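Notes follow the structure.
Computed from a predicted structure; not experimentally measured. We use all heavy atoms of the structure for the numbers below, so side chains are in, but hydrogens, waters and symmetry mates are not. Note that ligands are numbered from 1 as they come in the structure, with each ligand's atoms numbered from 1 the same way.
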Amino acid sequence: MSKRKDLVAEGSQRLDKNLDTLEKYQAYIEDLYNVKSSLTRKDFINKTGWKEFVPVVDDDAARFLQLILQMKKPKHILEIGTSIGFSATSMALTAREYGGTITTIEFDNTAAVQARRNFERSGVDNIIEILFGDACQIVPSFSDDTFDFIFQDADKRLYPDLLKDCIRILKPGGVFVADDALFPVMELDPKWNNLVKPMSKFNRLVAEAPNLESTLLPIGDGMIVAIKK
Ligand SMILES: C[S@@+](CC[C@H](N)C(=O)[O-])C[C@H]1O[C@@H](n2cnc3c(N)ncnc32)[C@H](O)[C@@H]1O
């Protein structure tokens, strides 16, 4: 049984102990990479003037995205959900090394403006295009087999509905990553309870999709990673 499954199956005392252990793991990992990190979530947020943004990925999730990009060198990258542009900037720092480009979708105007400023500040604006609008309209408008890599990080309630199109617009051999996949077993603030059901549905759809090979990794809030067959 995995550690995360353990967390929900055991009593609350055990749960607290396990959460302490997870925090210890996380602190150890962050400490390990502290020296090498050129871009950190904390720094990025501090340099962003606007504070009301929707949360961005954790540092370990950003590192994981960079690692996959380094391994696969995807040319055309799609991100769904930009916020202030932390994950896009992080991916762009790797993608520019091999000539990759990023298209990122955001429907909140303030977030998109902040993201653009952050891209300029980090010197990656030349390889990132922000598509301003609703992902529910933009994603279905792309042609089949357009992207080599897709990172899904928008409203969790959209994940199940957009999955079919995400697979359609991903090239065979392309990689699909979605954040927050462990929401169904995490101790979430009750205000996020409405995200659990769609996330559970989405995880099951990915796990059972005949044209995907996937696994769910306990990185950040959980990342489901799939390759299109
Ligand atoms: C979790 S944040 C993205 C964080 C970002 N990927 C990062 O780690 O730096 C999700 C973003 O998706 C945007 N979003 C949610 N639903 C959307 C939709 N239907 N179309 C476009 N953007 C959407 C939100 O406004 C929010 O900024």
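- Of the heavy atoms in Thr82, only backbone atoms (N, CA, C, O) come closer than 4.0 Å to ligand 1.
- When only interatomic distances are considered, the shortest N/O to N/O separation between Lys156 and ligand 1 does not fall below 3.5 Å.
- Less than 4.0 angstrom separates some heavy atom of Asp155 from each of these atoms of ligand 1: 15 (C), 16 (N).
- A salt bridge does not link Lys171 to Asp145: none of the charged nitrogens lies less than 4.0 Å from a carboxylate oxygen.
- Screening Asp153, Ile80, Thr82, Leu78 for a side chain to side chain contact (heavy atoms under 4.5 Å, CB included) with Thr104, the sole residue that qualifies is Thr82.
- By heavy-atom distance, the residue among Thr89, Asp134, Asp180 lying nearest atom 19 (N) of ligand 1 is Asp134.
- At least one side-chain heavy atom of Pro160 sits under 4.5 Å from a side-chain heavy atom of Leu205.
- Atoms of ligand 1 lying under 4.0 Å from at least one heavy atom of Leu158, given by number and element, are 16 (N), 18 (C), 19 (N).
- Ligand 1 has no N or O atom lying under 3.5 Å from any N or O atom of Gly85, backbone or side chain.
- Atom numbering of ligand 1 starts at 1 in the shown order; those under 4.0 Å from a heavy atom of Phe86 are 9 (O).
- Remark: minimum distance from atom 9 (O) of ligand 1 to any protein heavy atom is reached at Ser87 N, 2.9 Å.
- Contact annotation: Gly133 has at least one heavy atom less than 4.0 Å from an atom of ligand 1.
- For atom 25 (O) of ligand 1, the closest heavy atom belonging to the protein is Glu106 OE2, 2.6 Å.
- Here the CG atom belonging to Asp59 is positioned 8.0 Å from the CG atom belonging to Leu39, to the nearest 0.5 angstrom.
- Sequence neighbours left out, not one pair with a member in residues 100-127 passes salt bridge (Lys or Arg N to Asp or Glu O under 4.0 Å).
- The only option from Ile150, Asp148, Leu170 that meets the side chain to side chain contact (heavy atoms under 4.5 Å, CB included) definition with His76 turns out to be Asp148.
- Atom 20 (N) of ligand 1 has as its closest protein heavy atom Ala135 N, 2.8 Å.
- Under the 4.0 Å criterion applied to side-chain N and carboxylate O atoms, Asp165 and Arg168 are assigned as salt-bridge partners.
- Atoms of ligand 1 lying under 4.0 Å from at least one heavy atom of Val57, given by number and element, are 7 (C), 8 (O).
- If you look at Pro55 next to ligand 1, the close heavy atoms, those under 4.0 Å, all belong to the backbone.
- Protein heavy atom nearest atom 10 (C) of ligand 1, with residue, atom name and distance: Asp153 O, 3.1 Å.
- Within the 4.5 Å cutoff, the side chain of Pro74 has no heavy atoms near those of the Val175 side chain.
- Of the candidates Phe132, Phe107, Phe151, it is Phe107 that places a heavy atom closest to atom 16 (N) of ligand 1.
- Numbered from 1 in the order shown, with element, the atoms of ligand 1 that lie under 4.0 Å from a heavy atom of Glu79 read 6 (N).
- For the atom pair CZ (Arg41) and CG (Asp43), the distance works out to 12.5 Å, reported to the nearest 0.5 Å.
- The CG atom of Asp155 sits 10.0 Å away from the CG atom of Leu162 when rounded to the nearest 0.5 Å.
- Here the CZ atom belonging to Phe147 is positioned 10.0 Å from the CD1 atom belonging to Ile77, to the nearest 0.5 angstrom.
- In terms of N/O distances under 3.5 Å, ligand 1 is approached by Gly81.
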